[in-house]
Amino acid sequence: MKKALITGITGQDGSYLAELLLSKGYQVHGIIRRSSSFNTGRIMHIYQDIHEQDGRLILHYGDLSDASNLEKLIHQIEPDEIYNLGAQSHVRVSFDAPIYCVDSVAMGTLRLLEAIKNTGALEHIRFYQASSSEMYGKVHAVPQDENTPFYPRSPYACAKVYAHHQVINYRESYNLHASNGILFNHESPRRGETFVTRKITRGIARILSGKDKKLYLGNLDAKRDWGYAKDYVEAMWLMLQQEKPDDYVIATGQTWSVKDFLDKAFSMVNKNWEEFVEIDPRYYRPTEVDLLIGDYSKAKEKLNWEPKTKFDELVKLMLVEDLKLEGINIEKLDLI
């Protein structure tokens, strides 16, 4: 039985990845931060089903800021694969708390890499790093691929660039099987409610239920390459199954604006978004990333991976789940 260790297991990607690995027969270990409130909502259903059956999902308290604990966990678990998904991942928040963000994203990755080295596990561990399309920032080429230069435009993106290059450094210096997945925006019903796509679908549900009258957003012209998180975690796993480690762009090859997402989501419930959306300058970034669109041809060729879920499908599945959360009868609503 293979063993995997996931940082950020309670997040969107971590929960989908845990499901995937468990379905493939892995024993899955996840690192969670101690909190006075429950923060395991995205994985509780997995934990109850799997843990009660065979105990293959095991959670450990820890944090990417605690190097000694990371070493202890790696020594104790002896994982075959490590997936580093833990981070303060909200770009706008990284401007407000840059030191915290950079410590979790950049130094957190370095602490994890050092923990692998210090435990003598370099030879048998395979490592996945969650890199980000935000690293491209003010883009030098359209579309962006593995060779496009980075031009980060936020503390979060700068930290991701640092982590990305440290992974390459450990791969080349210590022969660690370490791969970077440069994932473009990927969404799902498990996306955090402060991220714009989920903010939109959750906002529509709250408006229809009468709880809210308006939805407040920032830049509607930003264009992103949006895919489905459940598709993307499969690419993470595929990277670690290759004989040689490498870096891969994971994307859909299509770009849509925030305005496009609004139009698609509101039209599904026969509403005009312009009647409900107001611009709030607080949500603007100090420096914006205007356009992201990925070229995933390398992943298609070498991993035999490509996205399965179209943009319209993604918007609908997110909207349906948020409508259900508000107790709205989907059948009576007759979604377009």
Side-chain angles (χ1 to χ4, degrees), residues 1-22 24-44 46-48 50-51 54-89 100-131 159-160 162-163 166-167 169-171 173-181 233 236-237 239-240 245:
M1 184 187 298
K2 279 189 176 181
K3 290 187 283 187
L5 174 62
I6 303 173
T7 71
I9 194 171
T10 58
Q12 169 190 251
D13 293 7
S15 65
Y16 283 119
L17 179 61
E19 286 179 335
L20 176 69
L21 296 178
L22 288 166
K24 294 182 179 296
Y26 281 65
Q27 181 183 86
V28 175
H29 295 258
I31 297 178
I32 62 172
R33 287 176 294 175
R34 175 71 179 90
S35 173
S36 59
S37 58
F38 290 111
N39 60 352
T40 55
R42 294 186 181 92
I43 60 170
M44 190 50 65
I46 318 171
Y47 188 77
Q48 290 173 341
I50 295 294
H51 185 76
D54 54 22
R56 284 190 295 119
L57 178 60
I58 304 163
L59 303 179
H60 308 265
Y61 285 121
D63 196 289
L64 287 169
S65 65
D66 187 347
S68 63
N69 190 54
L70 292 174
E71 287 189 24
K72 182 186 76 174
L73 288 173
I74 292 172
H75 180 76
Q76 173 188 328
I77 297 166
E78 296 183 337
D80 300 286
E81 299 171 1
I82 295 179
Y83 296 84
N84 184 30
L85 313 182
Q88 190 300 106
S89 60
Y100 169 70
C101 177
V102 171
D103 185 67
S104 70
V105 175
M107 295 307 297
T109 303
L110 181 57
R111 291 185 191 104
L112 193 50
L113 290 167
E114 273 293 284
I116 294 170
K117 181 165 72 75
N118 292 341
T119 52
L122 286 165
E123 291 185 3
H124 71 264
I125 280 181
R126 296 191 172 194
F127 183 86
Y128 170 84
Q129 169 63 16
S131 288
K160 280 293 186 182
Y162 175 90
Q166 282 290 11
V167 169
N169 182 45
Y170 275 68
R171 181 169 72 209
S173 300
Y174 305 112
N175 201 31
L176 174 64
H177 192 296
S179 296
N180 288 298
V233 298
M236 299 178 188
W237 175 77
M239 289 178 210
L240 299 199

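Computed from a predicted structure; not experimentally measured.
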Only pairs under 3.5 Å count here: list side-chain donor-acceptor contacts from residues 112-123, not counting sequence neighbours, and write none if there are none.
residue, atom, partner, partner atom, Å
E114, OE2, K117, NZ, 3.3
E114, OE2, Y170, OH, 2.5
N118, ND2, E71, OE2, 2.9
N118, ND2, E114, O, 3.3
T119, OG1, A115, O, 2.8
T119, OG1, I116, O, 3.0

Does R33 use its side chain to pair, donor to acceptor, with the backbone of D63 at less than 3.5 Å?
no
Just by distance, with hydrogens left out, do Y16 and Q12 show a side-chain donor and acceptor under 3.5 Å apart?
no
Can F127 and H177 be said to form a side chain to side chain contact (heavy atoms under 4.5 Å, CB included), step by step?
CA-CA 6 Å; F127 183 86; H177 192 296; over 6 Å; no
Minimum heavy-atom separation for L85 and T7, please, with both atom names.
N-OG1, 2.9 Å
Just do the side chain to side chain contact (heavy atoms under 4.5 Å, CB included) check on D13 and M236 with the steps written out, would you?
CA-CA 10 Å; D13 293 7; M236 299 178 188; 3.6 Å; yes
So L57 and I9, side chain to side chain contact (heavy atoms under 4.5 Å, CB included) or not? Walk me through it.
CA-CA 11 Å; L57 178 60; I9 194 171; 3.9 Å; yes
Nearest 0.5 Å please: distance from the CD1 atom of I6 over to the OH atom of Y128.
11.5 Å
State, to 0.1 Å, how close V105 and A87 come at their nearest heavy-atom pair, and which atoms those are.
CG2-CB, 3.6 Å
Side-chain donor/acceptor of K3 to backbone N/O of I77, under 3.5 Å:
yes
Hey, is D103 close enough to R111 for a salt bridge, meaning N to O under 4.0 Å?
yes
Which heavy atom in I31 sits nearest to a heavy atom in L5, and how many Å separate them?
CG1-CD1, 3.8 Å
Inter-residue atom distance K24.NZ - M1.CE, 0.5 Å rounding:
15.5 Å
Can you tell me if D66 uses its side chain to pair, donor with acceptor, with the backbone of N69 under 3.5 Å?
yes
I82 side, atom CD1; Q129 side, atom CD - distance, nearest 0.5 Å:
11.5 Å
Just how far is it from atom OG1 of T10 to atom CD1 of I32, taken to the nearest 0.5 Å?
7.5 Å
Judged by atom type as modelled, is there a donor-acceptor pair below 3.5 Å linking the side chain of S104 to the main-chain atoms of Q88?
yes
So, the side chain of R126 versus the backbone of L240: is there a donor-acceptor pair under 3.5 Å, distance only?
yes
Write down the atom of G86, the atom of L64, and the distance for their closest heavy-atom approach.
O-CD1, 3.5 Å
Within 6.0 Å of CG in N175, more than 12 heavy atoms from elsewhere:
no
N/O donor-acceptor pair under 3.5 Å between K160 side chain and A130 backbone:
yes
Worked verdict on K2 versus D80 for side chain to side chain contact (heavy atoms under 4.5 Å, CB included)
CA-CA 6 Å; K2 279 189 176 181; D80 300 286; 4.0 Å; yes
Heavy-atom pair with the smallest gap, counting every atom of A163 and T109
CB-OG1, 3.5 Å
Can you list everything that forms a side-chain contact (heavy atoms from CB on, under 4.5 Å) with Q76? Sequence neighbours excluded, please.
H60, L73
Which atom of Y26 lies closest to which atom of R56, heavy atoms considered:
O-NH1, 2.7 Å
With Y174 via side chain to side chain donor-acceptor pair (under 3.5 Å) - residues at least two apart
none
Y162 versus V102: any side-chain heavy-atom pair under 4.5 Å?
no
Just verifying a value: how many Å separate L21 CG and E81 CD, rounded to the nearest 0.5 Å?
7.0 Å
